[in-house]
Participant: 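Got a structure for you, questions after.
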Amino acid sequence: MGFCRYQEGMDTPLFSSALELLGASAPVRPGGREGLPLYLSPVEAGFPSPAEDDLDRKLDLHEYLVRNEAATFFLRAHGDSMLGAGIHDGDLLIVDRSVEAGHRRVVIAALDGELTVKRLLRRAGRVLLAPENPCFSPIDITEREYVHIWGVVTHVIHKL
């Protein structure tokens, strides 16, 4: 499912919660860039089919990925705690502060002065920030004084 990083001489995994804030979602469109081509036909993952020559329309990734521009920002993930959710080290996270941080949502939380990305869970009257990697343990934030949910992760972009 993933892998854990251990510090030399330690038998417990390192808590890897570092996130790099990349900035707000304000579009940078020099020269009025129109977007990239979006083809009408889907791509086959099985047996290949003949390509269609017609283009559906132009695809602006900013328009597609950002619902509320004023409330959206980007972060780069560091660490392995969310591999099960498809978030890998170095991935770009798109975070929307206007989306409600409900049960089972992947959130960005400020915890003890550091940002972390985890799944928000409510269980038996407790509130947890849960990793998606069995090498890491959930963090119970029910009675923590200094926890702030910055926003909900809406999209993840990573290189293959």
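Start at 1 with the first residue, then count along the sequence.
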Participant: Report yes or no: does Thr142 contribute a side-chain atom to a donor-acceptor pair with the main-chain N or O of Val127 at less than 3.5 Å?
Facilitator: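 Such a contact is found between Thr142 side chain and Val127 backbone.
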Participant: Any side-chain heavy atom of Val66 sitting closer than 4.5 Å to one from Glu69?
Facilitator: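 Yes, their side chains come closer than 4.5 Å.
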Participant: Considering all heavy atoms of both residues, which atom of Leu65 and which atom of His155 are nearest to each other, and what is their separation?
Facilitator: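 Where Leu65 meets His155 most closely, the heavy atoms are O-CD2, 3.3 Å.
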Participant: For residues 92-99, which side-chain donor-acceptor pairs fall under 3.5 Å, sequence neighbours excluded?
Facilitator:
{"unit_1": "Asp96", "atom_1": "OD1", "unit_2": "Ser98", "atom_2": "N", "d": "2.7"}
{"unit_1": "Asp96", "atom_1": "OD1", "unit_2": "Ser98", "atom_2": "OG", "d": "2.6"}
{"unit_1": "Asp96", "atom_1": "OD2", "unit_2": "Ser98", "atom_2": "OG", "d": "3.4"}
{"unit_1": "Ser98", "atom_1": "OG", "unit_2": "Asn68", "atom_2": "ND2", "d": "3.2"}

Participant: Sequence neighbours left out, what passes salt bridge (Lys or Arg N to Asp or Glu O under 4.0 Å) with Arg126? Give chain and number order.
Facilitator: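 Expected list: Asp140, Glu143.
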Participant: What distance separates Arg76 CZ from Asp89 CG, expressed to the nearest 0.5 Å?
Facilitator: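 Going from the CZ atom of Arg76 to the CG atom of Asp89 covers 10.0 Å.
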Participant: Which residues satisfy the side-chain contact (heavy atoms from CB on, under 4.5 Å) test with Ala101, sequence neighbours excluded?
Facilitator: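 Partners of Ala101 by the side-chain contact (heavy atoms from CB on, under 4.5 Å) criterion, ordered by chain and then number, come out as Val107, Leu120, Ile149, Val152.
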Participant: In Å and rounded to the nearest 0.5 Å, what is the CG to NZ distance from Asn133 to Lys118?
Facilitator: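 Rounded to the nearest 0.5 Å, the CG-NZ separation comes out at 9.5 Å.
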Participant: Shortest non-hydrogen contact from His62 to Asp60?
Facilitator: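 Closest approach of His62 to Asp60: N-OD1, 2.9 Å.
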Participant: Is there side-chain contact between Thr116 and Ile108, with at least one heavy-atom pair below 4.5 Å?
Facilitator: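 Counting from C-beta outward, Thr116 and Ile108 never come under 4.5 Å.
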Participant: Would you please name every residue forming a side-chain contact (heavy atoms from CB on, under 4.5 Å) with His88, sequence neighbours left out?
Facilitator: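 His88 satisfies side-chain contact (heavy atoms from CB on, under 4.5 Å) with Leu83, Asp91, His158 only.
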Participant: Listing request: all ring pair (Phe, Tyr, Trp, His ring centres under 6.0 Å) pairs with a residue in residues 107-130, at least two apart in sequence or in separate chains.
Facilitator: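 Matches after skipping sequence neighbours: none remain.
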Participant: Which heavy atom of Trp150 sits nearest a heavy atom of Ala110, and at what distance?
Facilitator: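 Closest approach of Trp150 to Ala110: NE1-CB, 3.5 Å.
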Participant: side-chain contact (heavy atoms from CB on, under 4.5 Å) with Leu121: which residues, sequence neighbours excluded?
Facilitator: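 For Leu121 the side-chain contact (heavy atoms from CB on, under 4.5 Å) partners, ignoring immediate neighbours, are His103, Arg104, Arg119, Arg123, Leu128, Ala130.
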Participant: Here's a test for you: under side chain to side chain contact (heavy atoms under 4.5 Å, CB included), which of Val153, Val106, Val156 qualifies with Met82?
Facilitator: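 Going through Val153, Val106, Val156 one by one, the side chain to side chain contact (heavy atoms under 4.5 Å, CB included) with Met82 is satisfied by Val106 alone.
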Participant: Please walk me through it: do Thr72 and Arg67 pass side chain to side chain contact (heavy atoms under 4.5 Å, CB included)?
Facilitator: CA-CA 8 Å; Thr72 300; Arg67 284 187 271 167; over 6 Å; no
